[in-house]
Amino acid sequence: MSDPKIVSGLEGVLVTETRLSKVDGTAGVLTIGGFPLEELAPNATYEEVLHLLWYDRLPTTSELDELRGELAGLRTIPEPTIDLLTAAARKKLPTMVALRMGVDTLTLIDVDPSDISSEADMLRVKSVTARIPTVVATYRRLLEGEKPIEPNADIPHAANYLYMLKGEEAHPDAVRALETYINTVVDHGMNNSTFTSRVIISTRSDIVSAVVGAIGSLKGPLHGGAPGPALDMVFEIRKRAEASGKDLKEEAESWAREVVGGGGRIMGFGHRVYKVRDPRADVLGRAAVKLFEGSGDTALYDDATAVEDVVLDVLAELKPDRSIKTNVEFYTALILHGVGMESDLFSPTFAVGRVGGWTAHILEQIAEARMIRPRAAYSGELDRVWSPIEEREDGGNRGG
Ligand code: CMC
């Protein structure tokens, strides 16, 4: 029997079933837990979305209160985690690296790591989801030489994240924008970090290991690391336009031609599954307009949309067969900048949202109880002949 054909990057390969989200890359439609993204993301609280993913239905008022209370009670992080984050801040490590290291230490507060009952796992799922914002915010404060701020158990998840970052309660418009963002990115089919978390948990490893692996995956610039560079591109083009006195669009065009012509990639554009515009970009685009109009300053938003138009035209011209459209990361950068975050916080804030999806997938994978173990086609030498090192002239690499 001959080996089946290799599918590079597992593109289009179905690896499991999920009830969590459906990505229709041809129509550009995303369904999360049965709801169209456009309905769910701007209206739900993050806790409602977590309930939907973890328990497969929206909560009643009392269920929501209960979940909110549980999560709020799990926000503090242990002293050794803070010590580690302090050491990381001394080395000025990127926030995403500190997040990965910090989450690993959460095993320290696991009462009985050997308990793999579903109750114990559910508590771990809630613990890691509740504590990721605290790890990120604590690290950012330490990095800036500021005292970390204790979580406030009286306010919801998204509001508390902003509170811990800034030390004061954020404007409701900023909280809504952040909540729309974390709802939008909470789950997205079999993306790389979600797959990573499922691969790890499928060996009957533990939930912290699976989430740490997912953070490692998300950190890469082809997955969750794109929004910082996407925003830097807009700033850079504006700077060039100011220096040259040329129109922003003219500068954007020469910049895009330079990058794509030189074989580079423009961050915030292109997607493995979507061959049309990423529907998340529209949801976040609308939230960004609201946020920027509310603040009375739409200059950055206007620059970004002008750059986007030009980049799309250049990509269509230079990569005519590829259908490369705007992805979620482009508007992520705008929204998160709009709520007052530095670009180093963009990927960690993606993790603050995506952990809801990772943990729900981890629970699905535990229920599926089947280790993920694909195969590789061997392309190396065969029939090499062993020789002891003292007799080896060519490193023993001769074929047989
Ligand atoms: N800019 C310029 N060229 C691009 C881009 C881009 N953003 N995206 C794809 N291409 C080109 C690529 O160079 C290649 O061209 P050619 O065949 O001539 O060599 C062709 O399109 C196909 O690229 P690919 O890497 O095989 O396509 P993929 O399906 O693996 O691409 C991607 C998906 C996200 C890795 C890619 O579009 C990319 O690198 N985008 C920039 C990074 C980015 O914005 N990432 C965030 C993705 S959204 C978050 C998430 O869901 O993970």
Side-chain angles (χ1 to χ4, degrees), residues 6-13 20-26 28-30 32 37 41 96 181-197 214-234 237 252-253 255-285 304 307-336 343 346-358 361:
I6 295 167
V7 181
S8 167
L10 296 183
E11 183 162 356
V13 173
L20 299 169
S21 61
K22 176 172 188 235
V23 184
D24 182 337
T26 317
V29 175
L30 173 58
I32 297 184
L37 172 74
M96 202 59 183
Y181 168 71
I182 56 178
N183 290 345
T184 297
V185 300
V186 70
D187 196 47
H188 200 238
M190 200 45 57
N191 61 87
N192 192 297
S193 55
T194 295
F195 185 53
T196 303
S197 70
I215 294 169
S217 149
L218 188 71
K219 180 171 155 288
L222 298 189
H223 186 10
L231 187 64
D232 291 345
M233 163 181 76
V234 178
I237 292 169
E253 184 175 339
W255 190 90
R257 284 185 187 283
E258 236 172 76
V259 173
V260 182
R265 288 176 184 222
I266 303 185
M267 297 293 131
F269 295 85
H271 201 273
R272 174 63 63 81
V273 182
Y274 293 119
K275 296 306 166 202
V276 292
R277 195 177 157 86
D278 184 336
R280 299 170 299 173
D282 283 335
V283 169
L284 295 184
V307 168
E308 180 191 8
D309 286 347
V310 174
V311 167
L312 287 172
D313 286 347
V314 171
L315 285 168
E317 186 194 317
L318 299 184
K319 300 273 174 189
D321 309 325
R322 294 297 183 181
S323 192
I324 303 169
K325 307 288 186 219
T326 317
N327 67 42
V328 66
E329 306 287 38
F330 191 74
Y331 283 95
T332 290
L334 272 185
I335 283 265
L336 297 185
S343 58
F346 296 171
S347 304
T349 304
F350 193 162
V352 166
R354 183 56 61 85
V355 66
W358 291 334
H361 275 273

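Along the sequence shown, the residues carry numbers beginning at 1. One-based numbering, in listed order, for ligands and for the atoms of each.
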| remark: At under 4.0 Å between heavy atoms, what of K325 touches ligand 1? The answer is neither

| Side chain, backbone, both or neither: which part of R272 comes within less than 4.0 Å of ligand 1 when only heavy atoms are counted? | both

| Backbone, side chain, both or neither: what part of N192 comes under 4.0 angstrom of ligand 1, heavy atoms only? | neither

| task | List the closest protein heavy-atom neighbour of atom 17 (O) of ligand 1: residue, atom name, distance to the nearest 0.1 Å. | result | R322 NH2, 2.6 Å

| Can you say whether the rings of H188 and H271 are parallel (under 30°), tilted (30 to 60°) or perpendicular (over 60°)? | perpendicular

| request: Mark yes or no for whether S217, through its side chain, and S193, through its backbone, hold a donor-acceptor pair below 3.5 Å. | output: yes

| request: Just need the protein heavy atom nearest to atom 11 (C) of ligand 1, so name the residue and atom and give the distance. | output: I324 CD1, 3.7 Å

| field | Protein heavy-atom partner closest to atom 26 (O) of ligand 1 - residue, atom, separation in Å | value | R265 NH2, 4.7 Å

| For ligand 1, is there an N or O atom under 3.5 Å from any N or O atom of H271? | yes

| remark: of all protein heavy atoms, closest to atom 6 (C) of ligand 1 is I266 N, 3.6 Å

| said: Any nitrogen or oxygen of V260 lying under 3.5 Å from a nitrogen or oxygen in ligand 1? Just yes or no. | reply: no

| Counting from 1, what ligand 1 atoms have a heavy atom of L315 closer than 4.0 Å? | 1 (N), 2 (C)

